[in-house]
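Every chain is numbered from 1, with letters handed out A, B, ... down the list of sequences. Hydrogens, waters and symmetry mates are skipped; everything else that's a heavy atom, side chains included, is used.
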2 protein chains.
Amino acid sequence: MTTSLHHRAIENLGTRIVSGNLPAGHVMLAEQLEVELKVSRSVIREAVRVLQSLGLVETTKRVGIRVLPPSRWNPFDPQVIRWRLASDARGAQLRSLAELRAAVEPAAAELAAQNAPAPLRLELVDVAYAMRDAGHNGEVPRFLELDIQFHSLLLSGSGNEMFANLMGQVAETLTGRTVHGLMPDHPHEAALQWHVDVAEAISRGDSAAAREASDRIMRRTMSQMSDTWTEQPRVFIPVRR
Amino acid sequence: MTTSLHHRAIENLGTRIVSGNLPAGHVMLAEQLEVELKVSRSVIREAVRVLQSLGLVETTKRVGIRVLPPSRWNPFDPQVIRWRLASDARGAQLRSLAELRAAVEPAAAELAAQNAPAPLRLELVDVAYAMRDAGHNGEVPRFLELDIQFHSLLLSGSGNEMFANLMGQVAETLTGRTVHGLMPDHPHEAALQWHVDVAEAISRGDSAAAREASDRIMRRTMSQMSDTWTEQPRVFIPVRR
DNA sequence: GAGTTTTGATGTCTGCACACATCGGTGTCA
DNA sequence: TGACACCGATGTGTGCAGACATCAAAACTC
């Protein structure tokens with residue numbers, strides 16, 4: 001009752017498709033889904049429309065509802081990301097997000113140093129120092145919270161709405177990293193200082209220093225996580241012409 | 001006739017919302033939309049469901065269909081990007097995409113040098129040299145085509161499906177740049193060589209050189225376009241806690 | 001001001017007509 | 001006789017109309 005029926009239908013089909021349970025090329029009939037999910041046609045139709053806009057299925061007359069291959073999915077949609085994180089491809093999704101983050105955050109730091117509003121800069125500095133303290137004291141949950149806030153502020157301060165939109169996904173990777181025990185109780189001392197460096201550089205408008213310090217953080221986290229990813233298969237999306 | 005009714009309804013409402021014609025907070029009634037667009041209720045409902053999944057509207061009982069502020073839109077959705085490119089915010093959208101591209105492409109080049117399949121590397125080299133020739137001969141349309149192909153191959157070769165998915169948007173920015181007369185008839189000589197450098201570096205698996213050459217290309221294009229963007233207002237998305 | 005009732009919009013279900021892609025049969029021609 | 005083009009039957013999504021259920025905002029009562 002808490003969520004609407006069509007929403008539940010979307011979740012059901014979305015998770016099954018992304019998990020590979022419903023493979024690409026598999027065709028379903030609207031009528032069959034009605035009885036399977038025990039909902040009416042209108043609910044099915046609304047759910048299919050949303051899945052269609054996400055690139056997960058296509059509908060063809062006289063054929064039915066066909067599941068599309070992963071290369072057609074919208075990899076930036078929050079729902080698709082969530083479903084992938086809940087599937088066997090969780091590792092590959094985390095790597096993709098981490099690579100994206102590693103590319104974007106230094107650029108965001110550079111832009112934030114140029115454009116961020118003054119209050120945001122001040123808050124960023126406060127959070128960086130609070131992070132350092134929490135890290136020294138081994139307060140893991142508080143450190144995670146501040147870490148998410150720091151990187152959210154950084155992305156938001158870039159003034160690029162696409163960068164800012166990655167906040168949610170970044171939070172996923174950070175929490176995922178701590179939940180999976182990939183974070184030590186006491187974060188690396190240099191990394192803590194680099195966060196402070198980023199905040200201070202942004203605060204004084206030094207875009208080059210901000211980018212460089214952020215880049216250092218990203219390179220460290222990437223090298224830290226790369227060990228666990230080597231076995232993840234990479235997917236090459238063909239070029240559409 | 002070629003497009004379905006619900007698709008036309010999505011286009012109609014999507015363009016009007018993104019253009020600001022239907023401002024944030026504006027509420028509509030499904031019944032009212034039926035008569036306005038002269039379609040049945042089911043068409044309206046399916047369209048609203050899709051717009052809801054894009055974060056453009058929310059539905060509340062007893063209130064209606066409320067338009068959400070831009071901070072809630074999904075800035076990575078291809079439809080949203082297309083609507084923004086067709087609106088007054090075209091400049092801001094192009095800048096966001098260019099900033100994203102500038103951040104991602106060097107990282108993609110680095111990854112491609114490590115992971116790209118052999119045939120893709122060869123094709124990339126061919127395209128780079130073809131680009132250089134087309135640039136020297138002032139064949140503008142052919143150059144644009146090859147330019148798009150080059151950067152598509154690069155992103156695709158990274159093996160990161162999120163990077164690869166930016167192909168379409170990158171094509172938009174490149175065509176938009178030439179259409180708007182921002183491209184000279186004879187591209188910068190050094191830039192042409194940098195493209196070759198990227199391809200060669202990827203071909204021989206030199207990830208550092210690939211990143212550096214790609215970074216040079218990006219820095220040049222950004223500085224080239226920055227003049228036209230200075231007047232575009234930046235939007236700061238608040239941090240959600 | 002707190003609790004209750006009313007109200008009005010979305011949410012869900014159902015039956016029907018239509019459009020149209022696919023498939024198989026029919027007819028024509030070589 | 002065989003190959004091919006045509007064409008109608010069939011099945012499925014698409015669109016429509018109307019009914020009832022649900023639930024939260026708003027009005028009302030105490």
Side-chain angles (χ1 to χ4, degrees), chain A residues 1-17 22-69 72-74 78-79, chain B residues 1-17 21-69 72-74 79:
Chain A
M1 279 305 162
T2 166
T3 65
S4 55
L5 285 182
H6 85 270
H7 190 271
R8 268 188 280 175
I10 291 173
E11 286 292 321
N12 184 318
L13 294 173
T15 48
R16 282 204 282 168
I17 291 173
L22 293 173
H26 182 84
V27 293
M28 303 167 290
L29 274 46
E31 193 183 358
Q32 152 203 344
L33 289 176
E34 289 179 40
V35 299
E36 185 180 332
L37 304 184
K38 290 197 270 289
V39 292
S40 70
R41 270 208 313 288
S42 53
V43 172
I44 294 295
R45 287 170 53 166
E46 289 164 25
V48 168
R49 280 284 127 76
V50 172
L51 296 175
Q52 196 178 25
S53 85
L54 300 182
L56 265 62
V57 302
E58 71 181 355
T59 62
T60 321
K61 283 184 180 180
R62 182 73 171 108
V63 173
I65 302 151
R66 191 195 334 252
V67 176
L68 292 174
R72 300 283 299 277
W73 304 347
N74 180 356
Q79 296 188 101
Chain B
M1 281 304 165
T2 169
T3 65
S4 54
L5 284 182
H6 87 270
H7 190 271
R8 268 188 281 177
I10 291 174
E11 285 293 321
N12 184 318
L13 294 172
T15 49
R16 283 204 282 168
I17 291 172
N21 195 341
L22 293 173
H26 180 83
V27 293
M28 303 166 291
L29 273 48
E31 194 184 358
Q32 152 202 344
L33 289 176
E34 288 181 41
V35 298
E36 186 181 331
L37 303 184
K38 291 196 269 291
V39 291
S40 73
R41 185 143 172 232
S42 55
V43 173
I44 294 294
R45 290 177 53 71
E46 288 165 25
V48 167
R49 279 283 124 76
V50 172
L51 295 174
Q52 196 177 23
S53 86
L54 301 181
L56 264 61
V57 302
E58 71 180 355
T59 60
T60 319
K61 283 188 174 180
R62 180 62 204 241
V63 173
I65 302 152
R66 195 196 327 262
V67 177
L68 292 175
R72 300 283 298 277
W73 304 345
N74 181 357
Q79 296 188 101

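Put simply, OG1 on T3(A) and CD on E11(A) are 8.0 Å apart, with the number rounded to the nearest 0.5 Å. Rounding to the nearest 0.5 angstrom, the gap separating the CD1 atom in I10(A) from the CG atom in L5(A) is 11.0 Å.
For the pair L33(B) and L13(B), the tightest heavy-atom approach, listed with the atom from each and the gap, is CD2-CD2, 4.1 Å. Taking all atoms of both residues into account, the shortest heavy-atom contact from L37(B) to A9(B) is CD1-CB, 4.1 Å. For the residue pair L68(A) and W73(A), the shortest heavy atom distance occurs at O-NE1, 3.1 Å.
Between H6(A) atom NE2 and dT10(C) atom P there is a gap of 14 Å when expressed in whole angstrom units. Summarising the geometry, the separation between NE2 on H7(A) and C1' on dT22(D) is reported as 18 Å, rounded to the nearest angstrom. The CD-P distance, from E46(A) to dT14(C), rounds to 14 Å in whole Å.
Side chains of S42(A) and R45(B) form no contact here, defined as non-hydrogen atoms less than 4.5 Å apart. Side-chain contact between M28(A) and L22(A): present, with at least one pair of heavy atoms (C-beta onward) separated by less than 4.5 Å. Residues I44(A) and R41(A) fail the side-chain proximity criterion, which asks for heavy atoms closer than 4.5 Å.
Between R45(B) and dG11(C) there is a side-chain polar atom (N or O) within less than 4.0 angstrom of OP1 or OP2.
Contacts classified as side-chain hydrogen bond (donor to acceptor under 3.5 Å, both in side chains) and involving residues 24-38 of chain B (residues at least two apart or in different chains) are given here: R16(B)-E36(B).
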I'd like a list of close polar pairs between nucleotides 5-7 of chain D and the protein, N/O only, cut-off under 3.5 Å.
none

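Here the nucleotide nearest the side chain of R41(B), chosen from dA25(D), dT12(C), dG15(D), is dT12(C). Considering only side-chain atoms of I65(A), the nucleotide from dG13(D), dG8(C), dC16(D) that sits closest is dG13(D).
By the side-chain contact (heavy atoms from CB on, under 4.5 Å) test, A24(B) is found to be paired with P69(B), residues two or more places apart in sequence or in another chain being considered.
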Solution key, residues 47-59 of chain A side-chain donor-acceptor pairs under 3.5 Å, sequence neighbours excluded:
from	atom 1	to	atom 2	distance (Å)
R49(A)	NE	Q52(A)	OE1	3.2
R49(A)	NE	H6(B)	NE2	3.2
R49(A)	NH1	H6(B)	ND1	3.3
R49(A)	NH1	E46(B)	OE1	2.1
Q52(A)	NE2	T59(A)	OG1	3.4
S53(A)	OG	V50(A)	O	2.9
E58(A)	OE2	R66(A)	NE	3.1

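Listed by residue number, K61(A) are the residues of residues 49-61 of chain A with a heavy-atom contact under 4.0 Å to DNA chain C. The stretch residues 24-40 of chain A touches DNA chain D through M28(A), L29(A), A30(A), each having a heavy atom within less than 4.0 Å of the strand.
With hydrogens and angles left out, the side chain of R62(B) and the base of dT7(C) share a donor-acceptor pair within 3.5 Å.
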